[in-house]
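Scope of the values below: all heavy atoms of this structure, side chains included, with no hydrogens, waters or symmetry mates. Just so we're on the same page: letters track the sequence lines, and every chain starts at 1.
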Number of protein chains: 2
Amino acid sequence: MPVVSNHHNKKLTIHDIAELAGVSAGTVSRVLNNQPGVSVKTREHIQAIIQQQGYRASFFARSLLARQSFAIGLALSSTASELFAGPIVPELVGSIGDALASEGYTLTLITGSHEQRNQRLLREAAEGKIDGVLLPDIRIGDDIIDKLLEQEIPTVIIGHRDERKEVAWVDCEHDCSAAYLTRMLIKQGHRRIALVNGPEEFYACHLRLEGYRSALQEEGLDYNMDLVSVGPFKADYGYQTTQKLLALPRVEQPTAIVAGSDIIAAGCLGAVKAANMQVPADLAITGFDDNILSTFTHPPLTTVKMPLEQMGKVAVNMLISLIKGEKLEPTSLILPCSIIVRTSSGS
Amino acid sequence: MPVVSNHHNKKLTIHDIAELAGVSAGTVSRVLNNQPGVSVKTREHIQAIIQQQGYRASFFARSLLARQSFAIGLALSSTASELFAGPIVPELVGSIGDALASEGYTLTLITGSHEQRNQRLLREAAEGKIDGVLLPDIRIGDDIIDKLLEQEIPTVIIGHRDERKEVAWVDCEHDCSAAYLTRMLIKQGHRRIALVNGPEEFYACHLRLEGYRSALQEEGLDYNMDLVSVGPFKADYGYQTTQKLLALPRVEQPTAIVAGSDIIAAGCLGAVKAANMQVPADLAITGFDDNILSTFTHPPLTTVKMPLEQMGKVAVNMLISLIKGEKLEPTSLILPCSIIVRTSSGS
DNA sequence: CTGAAAGCGCTTACAG
DNA sequence: CTGAAAGCGCTTACAG
């Protein structure tokens, strides 16, 4: 017969409470879970003891029975901090954290290189450590989605789109926003507008290109490949690309630039200044992201603010529905961005 | 006799594997944990089946026995995203996530208002969901530290200091950095240097004030309270404070400003520009944080880069030692910052 | 080298 | 209304 003696240990168990209250563990459990079938007197007595002892039921023991972790994984490849330089990740994570907490879920951050991150994600899901996955950092061709789908792990993608009906995602109007900016510039009289776009591996950049093209077409302007470039979300790239554009023969030079991000736009700004030209008089520039720096550049950047907070909330709601086994309808959502007009775009 | 039939269910258990392999669960467990006492042949047979079935031991069942979660909580009050506007949180979280992952630990993000965050932290610890806590967001007088101490939950503070020997923390040289900047300005000939400091509730800001004062004293300059102010990490505050400073009688006006952050410094910059004065010719300015925006202001900001990545790593190592019950020696660490000299500070 | 059994800390039918 | 017992999916002495 094993000697049970928990009296001097720190971690209390339900049996310790039961013993202190002079009842069975089952009764304590019912009180713990606010279940009926316990007399008011017993309930209050047990509650007092729980309170006094500061007892909390072991999460793991509960999860073992519930077969749920009430945790969701947020995957971020370490290059994400670079990618999302600026307020994007903090804002998104904050919103997701709040939404999750209010539903009683916990946020597990899964970071690492692309490979590591995918491996960890799959493992944590297989071990039952996470009930679902949020993917705010997907690039075109990433096979993690297929693997997650295959294992039937509830997943919601943020800021990326997928053709398949069974893939849930929430994104914002990259295309409309880029089209809006382009159209705005055209209406101001610009005829040669360059697009200094972000990396090809982001769907968002494709959409921005699409928006740019559709605005040109709408307004009867030709699409000129020489005015479109693709590169990283870095100031250097913006700087160098702008230098190249300014080296074109006068008649081919753009009079406006739609940049793929505020950081890129800040680089463009620097190149214009270095060429002793003025923004927006000689070259109008727009950014993307509403990065904190966009208010501090000279001139301040006209830019696009994505509805990050809302995207986070919506993604969480979708994911929790999925986890609960509810049918998602619709399986995807596109939210509007805000255009923030400052002086860099001229008037 | 209960009918055990897991054949058509998704989640495999160790018993399913045992049955498939024609062995007992104990033997499968030994293989799973790379324990000796299993013949090579049996081991390989079982491994093949585990592989083929894609079986993973339930994390919760294991944790229940191990009495460890292998997760640590990172507490962030939602105002943190505001506070750490810029690269601080992402960089710190990235570094912490990587360090943790390489030790086999998982990162749980605990967000919410100050109250909520503290409550959640204590609860998750009491439930055994987290083995330790990382606090990168502590203000002076926060009682969460005492509560964590009381519950004997392993804790490491980042970017804040505590007098008590039993509290573990890692911070950087806020004082030395502020002193360095102040001294540098004095050596350039400045005699009236203002300190536009951050909020009082941050220990870091106290330290920066101390550094500023000690540099003045060292160089034989008087400390003038009228040149020192305290306020939020916001551009507006920098702007307005600078306006006030510029409204002082000519002989009392500062010729240099040490700002509490890059955002504040950017505001100062704006006010100087609005007064039709030049930086650094009329007023030299320094920032703090090496925020991305510091390269894009005009002129670019001289600033201080904190060793965030290293701080994150060190904090993780300390915490894991604490969790393992090792004696921490020393219990605190102060790492050096880098001074990044750009043009805003003059020469 | 292998298996049967007890136990981790809970919850939940099932009796009474 | 309450308790005894079985079970969640593992691990770990203890036998053999």
Side-chain angles (χ1 to χ4, degrees), chain A residues 1-7 9-47 49-50 53-70 126-129, chain B residues 1-6 9-47 49-50 53-70 126-129 131:
Chain A
M1 191 187 292
V3 180
V4 178
S5 115
N6 265 337
H7 296 287
N9 294 346
K10 254 193 337 221
K11 273 285 181 195
L12 291 166
T13 73
I14 200 169
H15 292 108
D16 298 319
I17 301 298
E19 193 175 323
L20 285 169
V23 297
S24 73
T27 303
V28 176
S29 176
R30 279 173 210 118
V31 171
L32 237 31
N33 296 290
N34 283 316
Q35 279 172 10
V38 183
S39 74
V40 176
K41 199 179 156 203
T42 311
R43 186 180 297 270
E44 281 173 354
H45 178 218
I46 294 173
Q47 270 165 345
I49 290 175
I50 288 173
Q53 300 289 330
Y55 167 74
R56 287 270 180 195
S58 152
F59 176 75
F60 293 130
R62 288 185 137 176
S63 295
L64 187 55
L65 299 205
R67 236 152 301 199
Q68 267 212 60
S69 67
F70 290 102
E127 287 176 342
K129 262 173 116 165
Chain B
M1 190 187 291
V3 181
V4 179
S5 114
N6 263 338
N9 294 347
K10 255 194 332 222
K11 274 284 180 197
L12 291 167
T13 73
I14 200 169
H15 292 107
D16 298 319
I17 301 297
E19 194 175 325
L20 286 169
V23 298
S24 73
T27 302
V28 176
S29 176
R30 279 172 211 119
V31 171
L32 237 31
N33 296 289
N34 282 316
Q35 279 172 10
V38 183
S39 74
V40 176
K41 198 178 157 207
T42 311
R43 188 180 295 273
E44 281 173 355
H45 178 216
I46 294 174
Q47 270 165 345
I49 289 175
I50 288 173
Q53 298 290 328
Y55 167 75
R56 286 269 181 194
S58 153
F59 176 76
F60 293 129
R62 290 183 134 176
S63 295
L64 187 54
L65 300 204
R67 236 153 300 198
Q68 267 212 57
S69 69
F70 290 101
E127 287 176 343
K129 262 173 115 163
D131 295 337

Side chain to side chain contact (heavy atoms under 4.5 Å, CB included), that's the test. Do V31(B) and H45(B) meet it? Break it down for me.
CA-CA 10 Å; V31(B) 171; H45(B) 178 216; over 6 Å; no
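As a whole-Å value, the separation of K11(A) NZ from dC10(C) C1' is 14 Å. The distance between atom CG of L64(B) and atom C1' of dG9(D), rounded to the nearest whole Å, is 9 Å. Taking atom CG on L12(B) and atom C1' on dC8(D), their separation rounds to 16 Å, with Å as the unit. As rounded to whole Å, 11 Å separates atom P of dT12(D) from atom CG of L32(B). Summarising the geometry, the separation between CD1 on I14(B) and P on dG3(C) is reported as 12 Å, rounded to the nearest angstrom. A straight line from CG of N33(A) to P of dA13(C) spans 12 Å, rounded to a whole angstrom. Per the geometry, CD belonging to Q35(A) stands 6 Å off P belonging to dT12(C), to the nearest Å. Distance CG (L65(A)) to P (dT12(C)): 7 Å, rounded to an integer number of Å.
Using a 4.0 Å heavy-atom criterion, one finds that S63(B) contacts no nucleic acid atom at all. No engagement by F59(B) is indicated, since no non-hydrogen atom pair under 4.0 Å with the nucleic acid exists. Within the 4.0 angstrom heavy-atom criterion, no nucleotide atom of any strand lies near Q68(B). At the heavy-atom level, S29(B) lies under 4.0 Å from base atoms of the strands shown. Residue contacts shown for S39(B) are limited to sugar-phosphate atoms, with no base heavy atom under 4.0 Å away.
Taking both residues in full, the closest heavy atoms of S69(A) and K129(A) are given as OG-O, 3.0 Å, listed atom of the first, atom of the second, then distance. Nearest heavy atom pair, residue R30(A) against residue R43(A), reads O-NH1, 4.2 Å.
Side-chain proximity of T27(A) to the nucleotides dT2(D), dC8(D), dG3(C) is greatest for dT2(D). Checked against dC1(D), dC10(C), dG3(C), the side chain of T42(A) finds its nearest nucleotide in dC1(D). Side-chain proximity of R30(A) to dC14(C), dC10(D), dA4(C): nearest is dC14(C).
The residue among R56(B) and R43(A) whose nearest nucleotide of DNA chain D is located toward the 5' end is R43(A).
OP1 and OP2 of dG9(C) both lie 4.0 Å or more from every side-chain N or O belonging to T13(A). Residue Y55(A) places no side-chain N or O under 4.0 Å from the OP1 or OP2 atom of dG9(C). Dashed line: the shortest gap from a side-chain N or O of S24(B) to OP1 or OP2 of dG3(C) is under 4.0 Å. Here R62(A) does not reach the OP1 or OP2 of dG9(C): none of its side-chain N or O atoms lies under 4.0 Å away.
Between L32(B) and the options I14(B), I17(B), I46(B), a side chain to side chain contact (heavy atoms under 4.5 Å, CB included) holds for only I14(B).
Here the CG atom belonging to L20(B) is positioned 10.5 Å from the CD1 atom belonging to I50(B), to the nearest 0.5 angstrom. Separating the CZ atom in R56(B) from the NZ atom in K11(B) is a distance of 10.5 Å, to the nearest 0.5 Å. Here OG of S58(A) is found 9.5 Å from CZ of R67(B). Values are rounded to the nearest 0.5 Å. Residue L12(A) holds its CG atom at 11.0 Å from CD of E19(A), rounded to the nearest 0.5 Å.
At a cut-off of 3.5 angstrom, the base of dG9(D) holds no donor-acceptor pair with the side chain of R67(A).
Pairs of Watson-Crick or G-U wobble type, with distances under 3.5 Å, assemble into runs of 3 or more in DNA chain D at these ranges: C:1-3 with D:14-16, C:5-12 with D:5-12, C:14-16 with D:1-3.
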